Amino acid sequence: MQRRTLVRASLLLGATAAATARAQTDHSHHDHGAPAPAAPKGQPAPAGFVSAYQACVAAANACIAHCQVLLAQGDKSLGACLRTALDTELTCGATLRAATLQSAYLGALAKTSVAAMQACIEACKPHAEHHAECKRCHDACVAAVQAANALG
């Protein structure tokens, strides 16, 4: 028991000495008062962009959950629909985040999300008449593509 206490005390003493030495290091060559360089900032997204992308992400999530249930029951006809809904949720979620942060990369992300949404639109189209989730996903993707096209 005494040996364990001695080892702990030695480690604690060493860590304290190292921290003290680091704190006493000369930092005068650093300019802590200078502002950090600003990251490039984009423009605010046009009206309706954020709400269209929010609706698309929500619809894609509902479609994903629906497809997973049906796939678990053995219905493999929704495999492509699931894959494209996953891609749509991923790319639209990132684009939505970029829009809310007014990122300079919003345009590039929007282009990627449009490609994913167009694939999702095509994959959902055959199922839209039979599955409400696919219809909502299809319609939300169409609206979000229109919002993305308004970016210019």
Side-chain angles (χ1 to χ4, degrees), residues 8 11-12 14-16 18-23 25-152:
R8 285 183 185 158
L11 289 173
L12 181 61
T16 303
T20 302
R22 265 187 261 125
T25 304
D26 179 27
H27 290 280
S28 63
H29 61 279
H30 296 285
D31 185 6
H32 293 282
K41 188 173 180 183
Q43 298 297 316
F49 184 90
V50 170
S51 60
Y53 268 72
Q54 287 171 331
C56 189
V57 168
N61 278 322
C63 189
I64 289 165
H66 179 69
C67 290
Q68 288 175 330
V69 167
L70 293 177
L71 284 167
Q73 294 172 354
D75 183 354
K76 296 181 181 180
S77 68
L78 295 168
C81 194
L82 173 61
R83 175 73 259 163
T84 59
L86 287 165
D87 289 341
T88 294
E89 191 279 331
L90 172 71
T91 58
C92 287
T95 305
L96 180 59
R97 180 92 167 121
T100 60
L101 295 174
Q102 295 183 10
S103 170
Y105 303 102
L106 174 60
L109 287 166
K111 286 180 186 176
T112 301
S113 69
V114 165
M117 288 185 287
Q118 287 172 333
C120 193
I121 289 166
E122 291 305 311
C124 284
K125 199 179 292 185
H127 308 287
E129 291 181 24
H130 311 290
H131 304 279
E133 294 82 0
C134 293
K135 171 88 168 106
R136 282 192 294 273
C137 189
H138 174 277
D139 294 348
C141 283
V142 168
V145 166
Q146 290 171 347
N149 289 337
L151 283 177

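Here the structure is a predicted model, which is why all the values come from computation and not from measurement. Along the sequence shown, residues are numbered consecutively beginning with 1.
- Counting heavy atoms from C-beta on, the side chains of C124 and C141 never come closer than 4.5 Å.
- Note that OG1 of T100 is 10.5 Å distant from CZ of F49, once rounded to the nearest 0.5 Å.
- Nearest heavy-atom pair across I64 and E89 is CD1-CB, 3.9 Å.
- Taking 4.5 Å as the limit, some side-chain heavy atom of L70 sits within range of a side-chain heavy atom of Q73.
- Of all heavy-atom pairs spanning H131 and H66, the tightest one is ND1-NE2, 2.9 Å.
- Counting all heavy atoms, side chain and backbone alike, Y53 lies closest to A144 at CE1-O, 3.6 Å.
- Atom CG of L86 and atom SG of C63 lie 9.0 Å apart (nearest 0.5 Å).
- With a 4.5 Å cut-off on side-chain heavy atoms, E133 and C67 do not count as touching.
- When all heavy atoms of A128 and K135 are compared, the closest pair comes out as O-CB, 3.5 Å.
- Looking at every heavy atom in both residues, A110 comes nearest to A148 through CB-CB, 4.4 Å.
- The distance from the OG1 atom of T112 to the CG atom of D87 is 11.0 Å, given to the nearest 0.5 Å.
- A distance of 11.5 Å separates CG of L151 from CD of Q43, quoted to the nearest 0.5 Å.
- In this structure, T95 contributes its side chain and L109 its backbone to a donor-acceptor pair below 3.5 Å.
- Note that the CD1 atom of I121 and the SG atom of C134 stand 13.0 Å from one another [nearest 0.5 Å].
- Of the inter-residue distances, the one linking C56 atom SG with R136 atom CZ reads 13.5 Å to the nearest 0.5 angstrom.
- When every heavy atom of H127 is checked against every heavy atom of C81, the shortest pair comes out as CD2-CB, 4.1 Å.
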